[in-house]
Asker: 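To start, I am sharing the structure in question, which I have written as structure tokens.
Position 1 is the first residue of the sequence; numbering continues from there. Counting starts at 1 for both ligands and their atoms, following the listed order. Please read all numbers here as calculations on a predicted model, not as lab measurements.
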Amino acid sequence: MSQFGTEFCDTFAIARYEDGQWRPAAIEPLAPLPMHPASHVLHYASTCFEGFKAYRWADGSARIFRLYDHVARMQKSAKSLRLPVPETDLLANMVIDLVRAHVDAIPAPPSSLYLRPTLIGTLPNIGAAASPSTEATLFVLASPVGDYFAGGVRPLKLLVEDRRSRSTEQLGSTKTGGNYAAALGPTLDAKAEFGVDQVLFCPNGDVQETGAANFLLLNDDEVITKPLDTSFLHGMTRASILTLAADQGYTVNERTFTVTELLDWVESYEAALSGTAATLTPVGTLVYEGRELPVRDAAAGPNVDRLRKALQAVQYGQADDSHGWLTKV
Ligand SMILES: *Cc1c(COP(=O)(O)O)cnc(C)c1O
């Protein structure tokens, strides 16, 4: 399969907001969007998106993972950007209709169909820097994706960045392109300078997350991660892992922690990044103030592996969906 994010199904779902209301959605051939060069999104970054997956089960049907939670998160993002908020049924049905149209094209697990709802402000007004986009386009792309771990599980190396921020207080938990733009420079600098995979943003010593994944520490008894606040993105993978961990008897400890505590704990705790693309990926090395510190013995740990497999078992239909996370298509 081609590189993640480069292959698309030949139709997509699209709906427009104009004259104060959402027009009916349609499934159309995937094609460039006609857009006025003065569109609000191009100048003032009125854009948010979602990312989640549908899995094809052995019986030929598909299951969308946490569809309604992702719809709710997109509504929250839209609201924070003062964009028109898509109704729950409008967006959920766009996703369901698109998945239904491409069920037969979904590769079997561990491959899947990645879904990317995107909302952009299309008001053609470059004078609207300090006012919301009252016109918008909502669309959903579908992209078949292969196994993230096809080359084996390789523990990641992270730069611990304790000065610069990934985002801002008002947009930290909004899934918006602007946050990726802010994280890109520091991440590329860190890759070039230290050969790391990602940057763990810890402004003023507060351990938050990387550019696109949440951060967790775990051992045989406990999972530690930052409690929800507006500084970071509330990952659905994070939430799902915490729920499954509690089911399996781990103590879930949502608490803020500092870089000093982190450096101390990684002598005995495993560390991991969570996100839709990779579910749970082990972190093997931290780089702090130019020094490399192994996380335990720098190898992939058993608890990361156990919880990743528990989540995948639900997604692939090998374990009970006891929390009602799956929508059948
Ligand atoms: C999307 C995203 C995540 C992961 O969220 P999931 O719902 O688990 O895929 C984490 N951090 C940021 C900044 C994100 O944009």
Asker: Please report which non-hydrogen protein atom sits nearest to atom 8 (O) of ligand 1, along with the residue it belongs to and the distance in Å to one decimal place.
Answerer: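 Looking at atom 8 (O) of ligand 1, the protein heavy atom closest to it is Thr237 OG1, 2.7 Å.
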Asker: Under 4.0 Å, heavy atoms only, figure out whether ligand 1 is touched by the backbone of Met236, its side chain, both or neither.
Answerer: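 Both backbone and side chain.
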Asker: Could you tell me, atom by atom, which parts of ligand 1 come under 4.0 Å of a heavy atom of Arg73?
Answerer: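 Atoms satisfying the 4.0 Å criterion: 5 (O), 6 (P), 7 (O).
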Asker: For atom 5 (O) of ligand 1, grab the closest protein heavy atom and report residue, atom and distance to one decimal in Å.
Answerer: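 Its nearest protein heavy-atom neighbour is Gly235 CA, 3.4 Å.
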Asker: Salt bridge or not between Glu270 and Arg306? Use side-chain N to carboxylate O under 4.0 Å.
Answerer: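 Salt bridge between Glu270 and Arg306, a charged N being under 4.0 Å from a carboxylate O: no.
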Asker: Any luck finding a side-chain donor-acceptor pair between Arg73 and Tyr68 under 3.5 Å?
Answerer: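 The answer is no; no qualifying pair exists.
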Asker: To which protein heavy atom is atom 9 (O) of ligand 1 closest, and what is the distance rounded to 0.1 Å?
Answerer: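 I find the closest protein heavy atom is Thr276 OG1, 2.6 Å.
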Asker: Between Thr230 and Glu169, does any side-chain donor sit less than 3.5 Å from a side-chain acceptor?
Answerer: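 Short answer, yes.
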Asker: If the plane angle is over 60° it's perpendicular, under 30° parallel, otherwise tilted; pick one for Tyr17 and Trp22.
Answerer: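 The arrangement is perpendicular - the two ring planes meet at more than 60°.
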Asker: Please report which non-hydrogen protein atom sits nearest to atom 2 (C) of ligand 1, along with the residue it belongs to and the distance in Å to one decimal place.
Answerer: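 Ranked first by proximity to atom 2 (C) of ligand 1 is Lys175 NZ, 2.6 Å.
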Asker: Please write down residue, atom name and distance for the protein heavy atom closest to atom 3 (C) of ligand 1.
Answerer: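 Checking every protein heavy atom, the shortest distance to atom 3 (C) of ligand 1 gives Ala212 O, 3.4 Å.
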Asker: Does Lys191 come within less than 4.0 Å of Asp197, counting only side-chain N to carboxylate O?
Answerer: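 The answer is no: the pair does not qualify as a salt bridge.
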Asker: Which option, Arg166, Arg66, His70, Arg238, owns the non-hydrogen atom nearest atom 13 (C) of ligand 1?
Answerer: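 Shortest heavy-atom distance from atom 13 (C) of ligand 1: Arg166.
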Asker: What residue and heavy atom of the protein are closest to atom 11 (N) of ligand 1, and at what distance?
Answerer: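 The answer is Glu209 OE1, 2.5 Å.
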Asker: Going by heavy atoms, is Gly211 under 4.0 Å from ligand 1?
Answerer: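 For ligand 1, residue contact (heavy atoms, under 4.0 Å) with Gly211 is present.
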Asker: Under a 3.5 Å cutoff, is there a donor and acceptor pairing between the side chains of Asp220 and Asn303?
Answerer: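 Their side chains do contain a donor-acceptor pair, which is all the 3.5 Å distance test asks for.
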Asker: Using a strict 4.0 Å threshold on nitrogen-to-oxygen distance, state whether Glu50 and Arg116 make a salt bridge.
Answerer: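 The answer is no: the pair does not qualify as a salt bridge.
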Asker: Ignoring hydrogens and geometry beyond distance, is a side-chain donor-acceptor pair present between Thr11 and Glu28 at under 3.5 Å?
Answerer: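 Side-chain D/A pair, Thr11 to Glu28: absent.
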Asker: I need the contact type for Tyr180 against ligand 1. Using non-hydrogen atoms and a strict under-4.0 Å cut-off, is it side chain, backbone, both or neither?
Answerer: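 Side chain only.
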Asker: Would you mind running through ligand 1 and noting each atom that sits below 4.0 Å from a heavy atom of Ala213?
Answerer: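 Result: 10 (C), 11 (N).
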